[in-house]
Amino acid sequence: MKIEKIALRQIRMPLVHFFETSFGRTYERQIVLVEVFSEGVSGWGEITCGEKPFYNEEWTDSAWTIVRDYVAPRVAGKDLGGPEEVAPLTAHIRGHRMARGGVEAAVWDLTARQAGVPLWKQIGGGARKEIACGVSIGIQDSVGQLIEKIRTELDAGYQRIKIKIKPGWDIDVVRQVRERFPSIKLMADANSAYTLADADHLKKLDDFYLMMIEQPLAHDDIIDHAVLQARLHTPICLDECIRSARHAEQAIRLRACGIINIKLGRVGGFLEARRIHDLAMEAGLPVWCGGMLESGIGRAHNIALSTLPNFVLPGDVSASRRYWARDIITPPVEVTPRGTIVVGDEPGFGYEIDREFLDSITVRQETLG
Ligand code: OSB
Ligand code: MG
C-alpha cells in the first residue's frame, strides 16, 4: 500500500464546559486531524496534543510543523507492507509522539478500511463488545459545584469518577467527595503537581480508599514515583511518565506504579500502545485508556484501543456531549445507562465524518506529499 498523500487540518472546537487541570484551564480546543490517502480510500487520525506545551512538550503548532517537515516526508510516497511500518519510519524524531502517533493511527484506520474490517479488529482487539466508561472531572470553582457534577455523571451511569487535584485543591476536596459518595469508584489525578517533599501530605489520601492516584510527581520521573509508591497503600497510576514500552518496563521493574493509563497519542500510536498493553498484562498490571479531550475521531480510536484484553478498568472515554455541542462524527459517541460504549462492527473507526460541519470549523489545511 502506497501512502499517496497526507492532509492536515486544524479545527477549532469550543468545549461545552472549561476543563481545568493542575497546569491550567482549557475553554476551546485547536485540534489537528490527519487524513491519509491510498488507492481511493482514506483513513483518519487525531493528534491529541494540547494548545500549549503544558501536559507534555507538544502543542498544536509544534504538531503541525513536525508532521509537515519531518513525518510526512518520511511516510508520504512510501510503499508500506502494513501499519506496523509507520512508527519505525519516524523513530528518529525525538519526542513529539502525539504528532507522529496521529499519522500512525490514521494509517491503521486506512488499512482497516481497505480490509473492510473494524479498527478494533485491525489492531488485534475485540476482547469486549462494550467498554466501561469513567469520567474525568476538572477542577471546579467550588466543592459544591464538583459534587453537583459528580452527581450528574453518576446519574448518567458512569462507572468511575476521576477528579483532578492540585496543591490547595486536594485532601479536603477528596474528603468531602468521599463523605458524600462513600462507595463509588473514585480516583484523583494530579498531573505532576507534587514532589517527593509532599509525600506525607499525599499519604493522607490513603484514608479515602481511592482506586488509584494518577501521576502525582514529575512528568519524567519514574524513580521518585517508585519511592512514593513504597510509602502509599493507594496504587499509583502513571500517565505522563509512560511514553514508551521501555518506560513501562522500567516502571514495572521499579514498582513505581500498580496501574498504567495508556494514551494513544502520548505513546506514539497503536504499535507502542499495544506493546505497553502486552507488557503490563504479562506483569499483572491492569491498564485503562486515558483521554485528551478528543474530538470524535480520537474518541473512536480510543474505543477501539479499549477492546484489547487488558483494558480491564473503566477509562476516560466518555460521551461526545460531555465535550461538544456538536461532534464531527455521526452519530456522536453515546454512553448506555450502564456506563458503557457499545463497540460497532463498521469498517475503520466505525463512525461517519460530518464533512460539512468539519469544513465549517476548519481554520487551516495543507496537503503534503
Ligand atoms: O491527565 O488525563 C489527563 C485532559 C487533558 C490533559 C491531560 C488529562 C486530561 C484528562 C481528560 O483527564 C480526559 C478526557 O476526558 O478526555
Ligand atoms: Mg492524567
Side-chain angles (χ1 to χ4, degrees), residues 13 15-31 46-60 63 97-98 131-140 146 149-150 152-153 156 158-166 169 186-194 210-220 225 235-243 251 257 259-267 287-303 305-306 313-324 327 332-333 335 339 341:
M13 293 180 86
L15 288 163
V16 295
H17 185 271
F18 68 80
F19 190 79
E20 183 174 332
T21 66
S22 60
F23 56 78
R25 235 176 224 199
T26 304
Y27 290 89
E28 168 188 301
R29 300 291 333 278
Q30 293 283 344
I31 297 173
E46 174 165 340
I47 298 179
T48 62
C49 62
E51 292 66 40
K52 296 177 178 153
F54 299 164
Y55 167 80
N56 64 9
E57 81 285 1
E58 303 189 71
W59 76 98
T60 310
R97 288 171 181 269
M98 289 169 163
I131 65 160
C133 305
V135 288
S136 173
I137 303 180
I139 293 164
Q140 305 295 315
L146 175 62
K149 288 221 141 189
I150 294 173
T152 304
E153 305 297 8
Y158 286 103
Q159 299 185 20
R160 180 226 67 189
I161 301 291
K162 160 167 138 185
I163 65 170
K164 293 285 189 178
I165 56 169
K166 65 175 183 182
W169 178 272
L186 181 66
M187 60 176 288
D189 184 0
N191 288 107
S192 301
Y194 300 91
L210 300 176
M211 289 177 87
M212 66 195 94
I213 301 168
E214 187 175 341
Q215 193 69 38
L217 308 180
H219 70 99
D220 57 356
H225 280 99
I236 289 176
C237 169
L238 289 178
D239 173 353
E240 284 90 327
C241 271
I242 309 296
R243 293 158 165 254
C257 63
I259 298 168
I260 296 175
N261 163 340
I262 299 184
K263 287 181 179 168
L264 190 56
R266 191 193 70 223
V267 306
V287 304
W288 53 277
C289 183
M292 288 297 293
L293 314 175
E294 287 93 344
S295 79
I297 292 175
R299 204 162 289 285
H301 282 80
N302 288 341
I303 294 168
L305 182 64
S306 303
L313 298 174
D316 279 346
V317 185
S318 57
S320 298
R321 69 157 63 90
R322 295 190 59 250
Y323 306 84
W324 319 117
D327 204 342
V333 172
V335 167
I341 293 169

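Each ligand, and each atom within it, is numbered from 1 in the order the structure gives. These values consider heavy atoms only, across backbone and side chains, with no hydrogens, waters or symmetry-generated copies.
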ask   = Is there any N or O on Lys162 that sits under 3.5 Å from an N or O of ligand 1?
value = yes

inquiry  = Among all the protein's non-hydrogen atoms, which is closest to atom 16 (O) of ligand 1, and how far away is it?
reply    = Leu293 N, 2.9 Å

inquiry  = Quick one, Tyr55 and Asp239 - any side-chain contact, counting heavy atoms below 4.5 Å?
reply    = yes

query = When only distance counts, is Ser136 in polar contact with ligand 1, meaning an N/O pair under 3.5 Å?
reply = yes

Presence of salt bridge, Asp316 and Arg299, under 4.0 angstrom = no

inquiry  = Using modelled atom types and a 3.5 Å cut-off, is there a donor and acceptor pairing between side-chain atoms of Gln215 and backbone atoms of Glu240?
reply    = yes

ask   = Does Asp189 come within less than 4.0 angstrom of ligand 1, counting non-hydrogen atoms of the residue?
value = yes

ask   = Going by the atom numbers of ligand 1, which of them fall below 4.0 Å from some non-hydrogen atom of Lys164?
value = 1 (O), 2 (O), 3 (C), 8 (C), 9 (C), 10 (C), 12 (O)

ask   = For atom 5 (C) of ligand 1, which protein heavy atom lies nearest, and how many Å away is it?
value = Met292 SD, 4.0 Å

message = Below 3.5 Å, N or O to N or O, backbone or side chain included: is there any such pair between Tyr55 and ligand 1?
response = no

task = With sequence neighbours left out, write down each residue that passes side-chain contact (heavy atoms from CB on, under 4.5 Å) with Ser22, or none if nothing qualifies.
result = Lys166, Asn191, Ala193

key: Nitrogen or oxygen of Asp239 less than 3.5 angstrom from that of ligand 1   = yes

task = Identify, for atom 1 (O) of ligand 1, the protein heavy atom at the shortest distance, and state residue, atom and that distance.
result = Asn191 ND2, 2.7 Å

query = Should Val135 and Lys149 be marked as a side-chain contact (heavy atoms from CB on, under 4.5 Å) after you check the CA-CA gap, both sets of side-chain angles, and the distance that decides it?
reply = CA-CA 10 Å; Val135 288; Lys149 288 221 141 189; over 6 Å; no

query = Side-chain contact, heavy-atom cut-off 4.5 Å: Arg29 with Trp324?
reply = yes

Closest approach of any protein heavy atom to atom 2 (O) of ligand 1, naming residue and atom = Lys263 NZ, 2.9 Å

inquiry  = I want to check something: taking the side chain as every heavy atom from C-beta on, are Met13 and Asp327 in contact at a cut-off of under 4.5 Å?
reply    = yes

query = Is there a heavy atom of Glu214 sitting under 4.0 angstrom from any atom of ligand 1?
reply = yes

key: Atoms of protein origin (N, O or S) under 2.8 Å from the Mg ion (ligand 2)   = Asp189 OD2, Glu214 OE2, Asp239 OD2

Close N or O approach (Ser318, ligand 1; < 3.5 Å) = no

ask   = Which atom pair, heavy atoms only, marks the closest approach of Met212 to Cys237?
value = SD-CB, 3.4 Å

ask   = With sequence neighbours excluded, what pairs up with Phe18 under the side-chain contact (heavy atoms from CB on, under 4.5 Å) test?
value = Glu20, Arg25, Tyr27, Asp141

ask   = Are Glu46 and Met292 side-chain neighbours, meaning at least one heavy-atom pair lies under 4.5 Å?
value = no

message = Nearest non-hydrogen contact with atom 14 (C) of ligand 1 belongs to which option: Tyr323, Phe19, Phe54?
response = Tyr323

message = If you define the side chain from C-beta out and look only at heavy atoms, does anything of Lys162 sit under 4.5 Å from Trp288?
response = yes

note = Residue, atom and distance of the protein heavy atom nearest atom 13 (C) of ligand 1 read Gly291 O, 3.4 Å

request  = State, yes or no, whether a side-chain contact exists between Ile163 and Trp169 at a heavy-atom distance under 4.5 Å.
outcome  = no

key: Contacts of Glu294 that satisfy side-chain hydrogen bond (donor to acceptor under 3.5 Å, both in side chains) - sequence neighbours left out   = Asn302

